[in-house]
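Chain letters run A, B, ... following the sequence lines, proteins first, then strands; residues in each count from 1.
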2 protein chains.
Amino acid sequence: MKKEIDNKLNSKNIKPTAMRELVLQVLIEQKTAISLPQLEHKFEKVDKATLYRTLKTFEKNKLIHSIDDGSGTVKYALCQDTCECMPEELHVHFLCTKCNQTLCLNDFPIPSISLPNNFSLESVNMVVKGVCSNCKK
Amino acid sequence: MKKEIDNKLNSKNIKPTAMRELVLQVLIEQKTAISLPQLEHKFEKVDKATLYRTLKTFEKNKLIHSIDDGSGTVKYALCQDTCECMPEELHVHFLCTKCNQTLCLNDFPIPSISLPNNFSLESVNMVVKGVCSNCKK
DNA sequence: ATTGTTGATGCAACCGGGTTGCAAAGTTAC
DNA sequence: GTAACTTTGCAACCCGGTTGCATCAACAAT
């Protein structure tokens with residue numbers, strides 16, 4: 001377990017510290033995207049700044065990606081193992097208006113789009129709001 | 001001029017006050033989306049809260065719509081005259097990474113998308129980042 | 001015109017997410 | 001063991017957004 005987590009960290013060139021192991025643990029157990037404030041609540045007593053920097057480190061090293069779902073707070077989710085966070089790999093994010101969970105629709109790539117003349121495209125953020133299958137039951 | 005502005009306000013059932021006329025004036029002159037803080041700078045001396053509530057009123061009455069372009073601050077832009085802010089009327093927003101302006105691509109509807117089984121769709125937010133035609137020159 | 005009601009405005013204060021500076025603790029290299 | 005570097009914890013700050021409250025303006029009824 002710990003072995004697996006350390007492997008993941010090492011494979012992304014992140015020095016495994018106790019803190020980082022704990023955070024990654026939570027991120028793995030978590031099936032949906034999680035925000036910094038939400039992450040804080042997962043622990044008895046943590047320092048916000050440390051969590052913040054941990055997430056930033058994870059993000060920089062492409063272990064996780066950040067998601068702006070329009071809720072006002074940025075959320076984070078694990079990248080796919082092979083992810084390099086390139087434009088082609090971008091997927092749609094879904095925000096359930098019932099349970100308020102945000103999730104990666106990894107199998108749903110963002111549709112390509114045309115732009116006005118002389119506009120060039122760098123990246124696209126696409127967030128779908130609706131009700132997830134869990135809340136539909 | 002003032003006539004035209006008051007007409008616009010009245011047509012959306014917004015009581016025309018001096019404040020609101022001023023704000024709408026700015027919004028009309030403005031070709032790109034504008035944030036509350038940016039709007040504040042357009043005036044010598046205004047109260048943030050008043051501007052805030054003015055924008056909220058405008059938004060509620062569908063004179064403007066809010067745009068979350070991922071920049072961290074919400075921006076606002078005039079709706080098309082006939083706009084009812086329905087899902088079908090949603091358009092793509094563009095954020096230029098050079099000039100940092102956000103604009104409505106009114107002629108570019110958001111492409112339809114498929115979702116996993118048992119997911120239902122309520123709305124979609126799509127923001128494209130890139131370089132606008134102005135900055136390309 | 002006077003009063004009363006409603007809505008708009010201005011001011012101050014607050015909230016919460018995000019971020020940084022700095023010193024202490026931990027880790028690594030030599 | 002010591003020096004160099006990294007990570008952590010604490011505090012404080014920034015800024016956009018938001019609310020409470022008192023004041024002021026607009027308007028209606030009498």
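The phosphate of dG17(D) (OP1 or OP2) has no side-chain N or O of Y52(B) nearer than 4.0 angstrom. Between dT8(D) and T17(A), a contact under 4.0 Å exists linking OP1 or OP2 to a side-chain N or O. Within the 4.0 Å cut-off from OP1 or OP2 of dA25(D), not a single side-chain nitrogen or oxygen of K15(B) is found. When the side-chain nitrogen and oxygen atoms of K48(B) are compared with OP1 and OP2 of dC11(C), none of them lie within a distance under 4.0 Å. Listed pair T50(A) / dG9(D) meets the phosphate criterion, a side-chain N or O lying under 4.0 Å from OP1 or OP2. Distances shown here put a side-chain N or O of R20(A) below 4.0 Å from the OP1 or OP2 atom of dT7(D).
Looking only at distances, no side-chain donor or acceptor of T102(A) sits under 3.5 Å from a matching main-chain atom of A33(A).
Along DNA chain C, the nucleotide nearest to K75(A) and the one nearest to A18(B) differ in position, and the one closer to the 5' end is contacted by A18(B). Looking at which nucleotide of DNA chain D each of A49(B) and G72(B) is closest to, the 5′-most match is held by G72(B).
V46(B) comes within 4.0 angstrom of no nucleic acid atom, judged by non-hydrogen atoms across all strands.
Across the protein-nucleic acid pair, I14(B) atom CD1 and dG7(C) atom P stand 15 Å apart, rounded to whole Å. Atom-to-atom, CD1 of I67(B) to P of dG17(D) comes out at 13 Å; the value is rounded to the nearest Å. Between F43(A) atom CZ and dG9(D) atom P the separation is 11 Å, expressed in whole Å. The CD atom of Q38(A) sits 14 Å away from the C1' atom of dG16(C) (whole-angstrom rounding). Rounded to a whole Å, the CG atom of D47(A) is 14 Å from the P atom of dT20(C). Atom CG of N13(B) is separated from atom P of dG7(C) by 14 Å (rounded to the nearest Å). Taking atom CE of M19(B) as the reference point, atom C1' of dC24(D) lies 15 Å away to the nearest angstrom. Protein atom NZ of K60(A) is 11 Å distant from nucleotide atom P of dT6(D), rounded to whole Å.
Salt bridge absent: D68(B) and K75(B) never bring a charged side-chain N and a carboxylate O closer than 4.0 Å. Contact check on D69(B) versus K129(B) returns no salt bridge, with no Lys/Arg side-chain nitrogen under 4.0 Å from an Asp/Glu carboxylate oxygen.
In this structure, the ring of F119(A) has its center less than 6.0 angstrom from the ring center of F94(B).
Counting only heavy atoms from C-beta on, K45(B) has its side chain closest to dC11(C) among dT18(D), dC11(C), dG18(C). The side chain of R53(A) approaches dC22(C) more closely than any other nucleotide in the set dC22(C), dG16(D), dT9(C).
In summary, the side chains of E122(A) and S120(A) do not present any donor paired with an acceptor at a separation below 3.5 Å, with no hydrogens or angles considered.
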